[in-house]
Protein chains: 2
Amino acid sequence: MSKPTENPPTSPTDINLDVLEDTLSFYIRTINLAVSRDLDARLDGLDVAKGTGKITTLLLVDDYPGIRPSVIAHLTMRDRSAMGRIIDQMVSHDLIRREVSPDDSRAQELYITEAGSALATKVREIVPQQSRDFFSFIPEDEQKQVIDILRRAYRHIVGLA
Amino acid sequence: MSKPTENPPTSPTDINLDVLEDTLSFYIRTINLAVSRDLDARLDGLDVAKGTGKITTLLLVDDYPGIRPSVIAHLTMRDRSAMGRIIDQMVSHDLIRREVSPDDSRAQELYITEAGSALATKVREIVPQQSRDFFSFIPEDEQKQVIDILRRAYRHIVGLA
DNA sequence: AAAACTAGTTGCGTTTGTCCACTAATTACT
DNA sequence: AGTAATTAGTGGACAAACGCAACTAGTTTT
């Protein structure tokens, strides 16, 4: 009942995704689409919509005053130019500010503003909540499993530990 | 040892990602970036690079001759116009062809071409292999766990089953 | 002192997706 | 039947993001 070359599915209930069915990258990629859209919707109007970059940057700058753009770029897997643009935006929205590092005048140090700090507080509520909500149909223990494994994957990829 | 407001990290070995640390969406989103880049690199020059859309479309059309664009759009979570453009590309690359459905002359039926079929064969090798390679640092049983859970997530999201 | 490297910026091109309006065909309604 | 409401697909305008490559400037190495 599930052989290759079936009839064109009318209702897509019984569709088989071929090799993608067992391919982790496929699920990461498609689920990414869905979660990202949902998240963007929830962050609508919050100066931080679209892209993991801004959220991560905001939290990192809040937690590590003086952190440098290149460090964040690395953690968010963007190149420096993309990072620079994100920072531009956030500076112009008055969420963070740049200073030239006293140690190394090529480098910058990033600091949170009051508005940024306030936004960070909101983000700390919204973002994890959105994730939980979005994946609420996955039992909690399974979510934990996945998170544990993907955390290690992430750390491996960016070379953290 | 891991309180908020630490010093700016020089080597990012000991960085804490705040709430993102336990947020599934964060890992999905960032890992997506990395896998997608790696996959694109491996598919370079193959008429099917960039985006989950083309790969899924190719395999589905190959497996379900006569499948309709809107079904694929749904499974790949794109809107019809985005889907249409993907199909345009693939038709112009002679991977698939369109026909008007005899049943419903608004609708189309998609069929694979020889070139498309050949490419599908390659893709069936490359794509799962890339995923395995990319995630090879995750023990196999854990990969399986994640796949099982995310498969259900995917199916839930697109309303399969 | 020169060479090599690193941080960040800028411009360019590419890609991707979203929104919206439009045509045409089918189905539902009365 | 005949009209209205849906559905399939198209096309255009638009915005946003990202990577690459070239460039400036400051720092480290030798």
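Letters go in sequence order (proteins before strands), and every chain restarts at 1.
Using a 4.0 Å cutoff on non-hydrogen atoms, the parts of residues 94-104 of chain B near DNA chain D are B:Arg98, ordered by number.
Partner of B:Ser131 under the side chain to side chain contact (heavy atoms under 4.5 Å, CB included) criterion, chosen from A:Thr23, A:Leu20, A:Asp22: A:Thr23.
Between the side chains of B:Ser101 and B:Arg68, no donor N or O sits under 3.5 Å from an acceptor N or O. Neither side chain, B:Ser70 nor B:Arg80, offers a donor N or O lying under 3.5 Å from an acceptor on the other.
In this pair, A:Phe137 and B:His156 present their aromatic rings parallel. The plane angle is below 30°, not in the 30 to 60° band.
Contact annotation: A:Gln89 reaches the phosphate of D:dA17 (side-chain N/O to OP1 or OP2, under 4.0 Å). Contact check, B:Ser105 against C:dA24: no side-chain N or O comes under 4.0 Å of OP1 or OP2.
Atom P of nucleotide C:dG17 and atom CZ of A:Arg29 are separated by 10 Å, given to the nearest angstrom. As a whole-Å value, the separation of B:Asn32 CG from D:dC18 C1' is 13 Å. At whole-Å resolution of the value, CE in A:Met83 and C1' in C:dT6 are 17 Å apart. Following rounding to the nearest Å, B:Ile67 (CD1) and D:dA8 (P) show an atom-to-atom distance of 13 Å. The distance between atom CG of B:Asp44 and atom C1' of C:dT15, rounded to the nearest whole Å, is 14 Å.
You'll find that the side chain of A:Arg106 is closest to C:dC5, out of D:dG9, C:dC5, C:dG8.
Comparing the helix axis at one end of the helix from C:dA1-D:dT30 to C:dT30-D:dA1 with that at the other, each defined from 5 consecutive pairs, gives an inter-axis angle of 30° (nearest 10°).
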Identify each atom pair where a protein N or O and an N or O of nucleotides 18-22 of chain C are less than 3.5 Å apart, giving names and distance.
unit_1, atom_1, unit_2, atom_2, d
C:dT18, OP1, A:Arg37, NE, 2.6
C:dT18, OP1, A:Arg37, NH2, 2.8
C:dT18, O4, B:Arg85, NH1, 3.0
C:dT18, O4, B:Arg85, NH2, 3.4
C:dC19, N4, B:Ser81, OG, 3.0

